[in-house]
Amino acid sequence: MAKVSLKLQENVEGNFYVDSTCIDCGACRRFAPAVFGETEEYSYVFRQPQSPANELKAQRALLACPTASIGTQNKTDLKPAKRTFPLQLIPGVSINGFNARDSFGADSYWIRHPDGNWLVDSPRFTRHLVQAFEAAGGIRYIFLSHQDDVADAHLYARHFNAQRIINRRDVQAQPDSEIIVEGEDDVQIGPGKIIFTPGHTRG
Ligand code: SF4
């Protein structure tokens with residue numbers, strides 16, 4: 001939970017603030033770019049929400065923050081914002097929020113499909129998301145894009161009896177993954193095509 005005593009001096013006055021436990025992952029700036037900005041080391045509130053829409057976005061950012069570094073000076077009901085997660089981006093594809101510190105705040109996604117739903121990388125394991133996924137038919141596959149963003153994938157896999165998919169070159173992050181992709185060729189798994197695209201890790 002964010003602490004007023006650690007509040008960054010760069011924050012503008014008002015309800016929302018960021019404290020010095022921020023790891024500068026950028027999640028808040030993605031969820032509420034009209035509210036959160038970046039210094040060289042942290043994110044901070046450069047403008048308090050000026051509209052109900054930006055208030056909701058700032059609340060989503062607070063919920064997504066992996067280190068609980070965002071706080072409010074006043075008691076703020078976050079339940080309506082929580083209910084918007086997973087947040088639909090386009091039909092069938094949602095962003096989960098509840099970013100994980102283990103993934104350095106990386107975003108994760110939820111894809112609904114009649115042949116079984118997919119989690120793409122992992123959010124924190126939270127009761128809210130578990131219930132939302134359960135209500136929408138569970139999880140069949142968990143695609144792990146690379147070793148850095150596995151977070152709580154093992155907990156979701158166990159809860160939903162889902163199959164984790166990861167490339168052999170990054171498998172050390174989830175050694176007991178159910179499906180290990182070998183080599184560099186495209187692989188079809190159910191309705192999903194896995195395309196080898198190494199970035200800052202080998203898999
Ligand atoms: S989401 Fe949290 S940790 Fe990430 S940049 Fe914003 S305040 Fe910092």
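Residue numbers start at 1 and run along the sequence shown.
A donor-acceptor pair is defined here as one N or O able to donate and one able to accept, closer than 3.5 Å; no such pair exists between the side chain of D19 and the backbone of L6. Between the side chain of R140 and the backbone N or O of Q163 there is no donor-acceptor pair closer than 3.5 Å. Side chain of Q48 to backbone of F16: a donor-acceptor contact under 3.5 angstrom is found. A donor-acceptor distance shorter than 3.5 angstrom exists from the side chain of Q188 to the backbone of G190, with no hydrogens or angles considered. Under a 3.5 Å cut-off, the side chain of S177 and the backbone N or O of Q174 do form a donor-acceptor pair. A donor-acceptor contact shorter than 3.5 Å is absent between the side chain of N54 and the backbone of P49. N11 contributes no side-chain N or O that, together with a main-chain N or O of Y17, makes up a donor-acceptor pair within less than 3.5 Å. Side-chain N or O atoms of D186 include none that pairs as donor or acceptor with a backbone N or O of I195 at under 3.5 Å.
Atom NE2 of H154 and atom NE2 of H159 lie 14.0 Å apart (nearest 0.5 Å). Atom SG of residue C28 and atom CG of residue L63 lie 12.5 Å apart, to the nearest 0.5 angstrom. The CD atom of E178 lies 7.5 Å from the CD1 atom of I142; values are rounded to the nearest 0.5 Å. Summarising the geometry, atom CZ belonging to R29 is positioned 3.5 Å from atom OG belonging to S43; distances are rounded to the nearest 0.5 Å. Rounding to the nearest 0.5 Å places CZ of R124 at 13.5 Å from CG of L155. Between the OH atom in Y42 and the CG atom in L8 there is a gap of 6.0 Å [rounded to 0.5 Å].
Ring centers of Y141 and W118: under 6.0 Å apart, within the cut-off. Taking the six-membered ring for Trp, F85 and F31 have ring centres closer than 6.0 Å. Aromatic ring centres of Y156 and F125 lie closer together than 6.0 Å.
A single hydrophobic cluster is not seen to contain both V45 and I23; linkage of ILVMFWY side chains at heavy-atom distances under 4.5 Å, directly or through other members, places them apart. Both V93 and V120 belong to a single network of hydrophobic side chains, linked directly or stepwise wherever heavy atoms of I, L, V, M, F, W or Y lie under 4.5 Å apart. Following chains of ILVMFWY side-chain contacts shorter than 4.5 Å, one cannot reach F104 starting from V150, and the two form parts of different hydrophobic clusters. A chain of hydrophobic side-chain contacts below 4.5 Å, direct or via other Ile, Leu, Val, Met, Phe, Trp or Tyr residues, connects L89 to L119.
When every heavy atom of G71 is checked against every heavy atom of A2, the shortest pair comes out as N-CB, 3.5 Å. The shortest heavy-atom contact between N74 and T72 is O-OG1, 2.9 Å. Of all heavy-atom pairs between A100 and A151, the closest is CB-CB, 3.5 Å. Taking each heavy atom of A32 and A61 in turn, the nearest pair found is CB-CB, 4.3 Å. W110 and A136 get closest at one heavy-atom pair: CZ2-CB, 3.7 Å. The minimum heavy-atom distance between N99 and G105, with the atom names listed, is ND2-O, 2.8 Å.
Aromatic ring pairs are classed by plane angle as parallel below 30°, tilted from 30° to 60° and perpendicular above 60°; the pair H128 and F98 is tilted.
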Inset, instruction - Apply the test salt bridge (Lys or Arg N to Asp or Glu O under 4.0 Å) to residues R168 and E184: give CA-CA distance (whole Å), side-chain angles for both, the deciding distance (0.1 Å), then the verdict. - result: CA-CA 10 Å; R168 169 75 67 194; E184 302 182 0; over 6 Å; no
Inset, instruction - Please lay out, stage by stage, how D107 and R30 fare under the test salt bridge (Lys or Arg N to Asp or Glu O under 4.0 Å). - result: CA-CA 9 Å; D107 295 318; R30 295 191 291 276; 2.6 Å; yes
Inset, instruction - Evaluate the side chain to side chain contact (heavy atoms under 4.5 Å, CB included) criterion for residues V130 and F160: first the C-alpha distance (whole Å), next the side-chain angles of each, then the deciding distance (0.1 Å), finally the verdict. - result: CA-CA 9 Å; V130 167; F160 288 99; 4.2 Å; yes
Legend entry - Test log, rule side chain to side chain contact (heavy atoms under 4.5 Å, CB included), inputs F133 and N117: CA-CA 9 Å; F133 295 149; N117 301 323; over 6 Å; no
Legend entry - Evaluation steps, side chain to side chain contact (heavy atoms under 4.5 Å, CB included), between I70 and F36: CA-CA 10 Å; I70 301 172; F36 296 94; 3.9 Å; yes
Legend entry - Worked check of side chain to side chain contact (heavy atoms under 4.5 Å, CB included) between I165 and L144: CA-CA 6 Å; I165 305 165; L144 299 170; over 6 Å; no
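K82 and D77 are not joined by a salt bridge, as no carboxylate oxygen comes within less than 4.0 angstrom of a charged side-chain nitrogen. A salt bridge is defined here as a Lys NZ or Arg NE, NH1 or NH2 lying under 4.0 Å from an Asp or Glu carboxylate O, and D176 with R164 meets this definition. K7 has a carboxylate O that lies under 4.0 Å from a charged side-chain N of E13, or vice versa, which qualifies the two as a salt bridge.
Of the N and O atoms on the side chains of R169 and T201, not one donor lies less than 3.5 Å from an acceptor on the other residue. D152 and S122 share no donor-acceptor pair across their side chains, judged by distance under 3.5 Å alone. Side chains of T67 and T21: a donor-acceptor N/O pair is absent below 3.5 angstrom, by distance only. For D148 and H200, the side-chain atoms include at least one donor-acceptor pair closer than 3.5 Å.
For the side-chain hydrogen bond (donor to acceptor under 3.5 Å, both in side chains) with S145, the qualifying choice from N167, D121, D170 is D121, the only one to do so.
Counting heavy atoms from C-beta outward, V35 and K57 have side chains that stay 4.5 Å or more apart.
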